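Written out below as structure tokens is the structure these notes cover.
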Amino acid sequence: MSCGAVDRAVSHLTRDVTQHHPKVLDHPLKQLDGPTQVLRSCRELVLISNSMSDNGVWNPSTKRFRKLPVWEFNPSRNSSGRAPHGRGPGLMQISGGFGYDKDGEDYKVVTIGQWYHPDDEPKMVSEVMVYSLRYGGWKKVEDCPYWLVKEENGTATGGALYWIVTKEPFSCVRSWILVGLNLGTERFEKVPFPVGLGKPFRLNLAVLGKCLCLISGYCISAKNHVLDHVDMWMMEDCGVEQSWVKLFTVEQLHGRQNFSFLKPIAYSGTGKEVLLEMDNTKLLWYSLEKKSVKPAKVSGGLEAFESFVNLGTLVPLYYGGGDEKGTKKGMEERDDSVIEEL
């Protein structure tokens, strides 16, 4: 699973983020040679990781932790009987996600391994593994028929995980596709883009409230890779094309630091503002009424972070695949590294 280049921060956001100081949260995956990564948060549970073989689901409210068993990829061989990495340069990426199957009332961790070999047939080989927190253990499910455009974890909402993908990973022409992995059926489904999306230079996904958001960035010209503005789209009814609405547009912050990335985090207490994360370094408030932005200052600010909302839950982790109390003992025997909280 990809963790990204910056340390992840667990954000417990309230109506006024300016009144809170960053503080250390104890957690069970101590490592001496680097920070532990927060891969995703889902319904107040957190997927944390040190490496592909050292992962677990943690409840910051109850301090309970479920260590995940190590999975093993066994990609299918091609028609010649050779493994997919038998010829050509080969390219591998590993991604995944953490989401909630609302029909099965189950939390699921997803890991996707992909291999691309331009001199082999088939050129792309994909394998998808799913871990059920309720039943314990990994199982192989339907392969992903697309190449993940970004080596990052899926965006979870509405009982599915979403990614931006493509059929031709090295094509000069961008042919982006939006797909969702239904965590109930464990099958991939194409999701329509908004009508009027145009030809964005950059696409990213996020969740605002409980709705999927598409963040589309546009450049002034094809030669100019500096964003001119960003449109925030929201899908109010997951999977329904007609439910896409454009929430707002943020133009480049002229006269101030230009941004290359914006992500919606949460609505304010009044619902009249949206908290935005800019370039993993700053927080902004966007006024839906005034259509303007202002800084959201956080006392004792962080140099780099990734934020998300975690409100707290008493959801147990002990059902299926073992007892969380067994891991709690091991948790207490390990020193804790640092996860920061806004």
Side-chain angles (χ1 to χ4, degrees), residues 4-6 8-9 11 13-18 41 149-150 152-153 155-157 162-164 174 176 178 191-236 238 241 243-298 301-309 342:
V6 300
R8 303 302 171 105
S11 304
L13 299 175
T14 62
R15 293 187 179 185
D16 188 357
V17 298
T18 63
S41 173
V149 172
K150 297 180 179 180
E152 60 184 28
N153 293 290
T155 301
T157 188
Y162 295 91
W163 290 268
I164 301 294
R174 289 189 175 89
W176 286 324
L178 176 58
V191 179
F193 281 127
V195 175
L197 181 65
K199 296 181 179 180
F201 173 74
R202 181 176 299 157
L203 287 177
N204 295 96
L205 299 174
V207 173
L208 183 59
K210 295 183 179 180
C211 295
L212 181 68
C213 287
L214 181 68
I215 309 144
S216 53
Y218 299 86
C219 296
I220 297 175
S221 68
K223 296 181 180 179
N224 180 6
H225 291 174
V226 176
L227 294 183
D228 175 65
H229 68 279
V230 168
D231 289 340
M232 297 284 177
W233 296 83
M234 173 181 282
M235 179 172 269
E236 296 179 325
C238 287
E241 181 178 4
S243 71
W244 281 113
V245 294
K246 186 187 292 187
L247 285 182
F248 55 86
T249 296
V250 180
E251 296 183 351
Q252 194 59 266
L253 306 179
H254 299 295
R256 289 181 280 175
Q257 177 185 349
N258 289 339
F259 63 81
S260 58
F261 171 77
L262 286 177
K263 180 177 74 172
I265 303 300
Y267 287 106
S268 65
T270 63
K272 296 180 180 180
E273 294 180 307
V274 175
L275 187 67
L276 303 175
E277 178 188 306
M278 183 184 81
D279 296 338
N280 300 119
T281 60
K282 295 182 183 298
L283 294 174
L284 305 172
W285 283 113
Y286 179 86
S287 171
L288 296 172
E289 293 180 338
K290 299 179 181 178
K291 303 186 185 304
S292 61
V293 295
K294 64 180 180 181
K297 296 181 181 180
V298 180
L302 306 171
E303 292 184 0
F305 58 86
E306 182 169 338
S307 49
F308 56 88
V309 178
L342 292 179

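Quick caveat: nothing in here was measured; it's all calculated off a predicted structure.
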How many angstroms lie between atom CG of Asp228 and atom CZ of Phe201, to the nearest 0.5 angstrom?
13.0 Å
Nearest heavy-atom pair of Trp285 and Ala266: which atoms, and what distance?
CZ3-O, 4.4 Å
Under a 4.5 Å cut-off applied to non-hydrogen side-chain atoms, are Val293 and Met278 in contact?
no
Value rounded to 0.5 Å, distance of OH in Tyr286 from OG in Ser292
7.5 Å
For His229 and Glu251, work out which heavy atoms get closest and say how close.
CB-CA, 3.9 Å
If you measure from CH2 on Trp244 to CD on Glu236, what distance do you get to the nearest 0.5 Å?
10.5 Å
If we only count heavy atoms from C-beta on, is the Leu178 to Leu203 side-chain gap below 4.5 Å?
no
Are any non-hydrogen side-chain atoms of Leu227 and Gln252 less than 4.5 angstrom apart?
yes
Side chains of Arg202 and Ser260: closer than 4.5 Å at any heavy-atom pair?
yes
Taking all non-hydrogen atoms of both residues, which atom of Leu284 and which atom of Pro295 are closest, and how far apart?
CD2-CA, 4.0 Å
Minimal non-hydrogen separation, Met234 against Cys213, with atom names:
CE-SG, 4.1 Å
With a 4.5 Å limit on heavy-atom distance, are the side chains of Leu214 and Leu205 in contact?
yes
Check whether any side-chain heavy atom of Phe193 lies under 4.5 Å from a side-chain heavy atom of Ser216, and answer yes or no.
no
Looking at every non-hydrogen atom in both residues, tell me the closest pair between Ile265 and Leu276 and how far apart they are.
CG1-C, 4.4 Å
Could you tell me whether the side chain of Leu283 reaches within less than 4.5 Å of the side chain of Glu277, counting heavy atoms only?
yes
Closest heavy-atom contact between Ile215 and Lys263?
CD1-CA, 4.2 Å
Answer yes or no: is there a donor N or O on one side and an acceptor on the other, between the side chain of Thr157 and the main chain of Lys210, under 3.5 Å?
yes
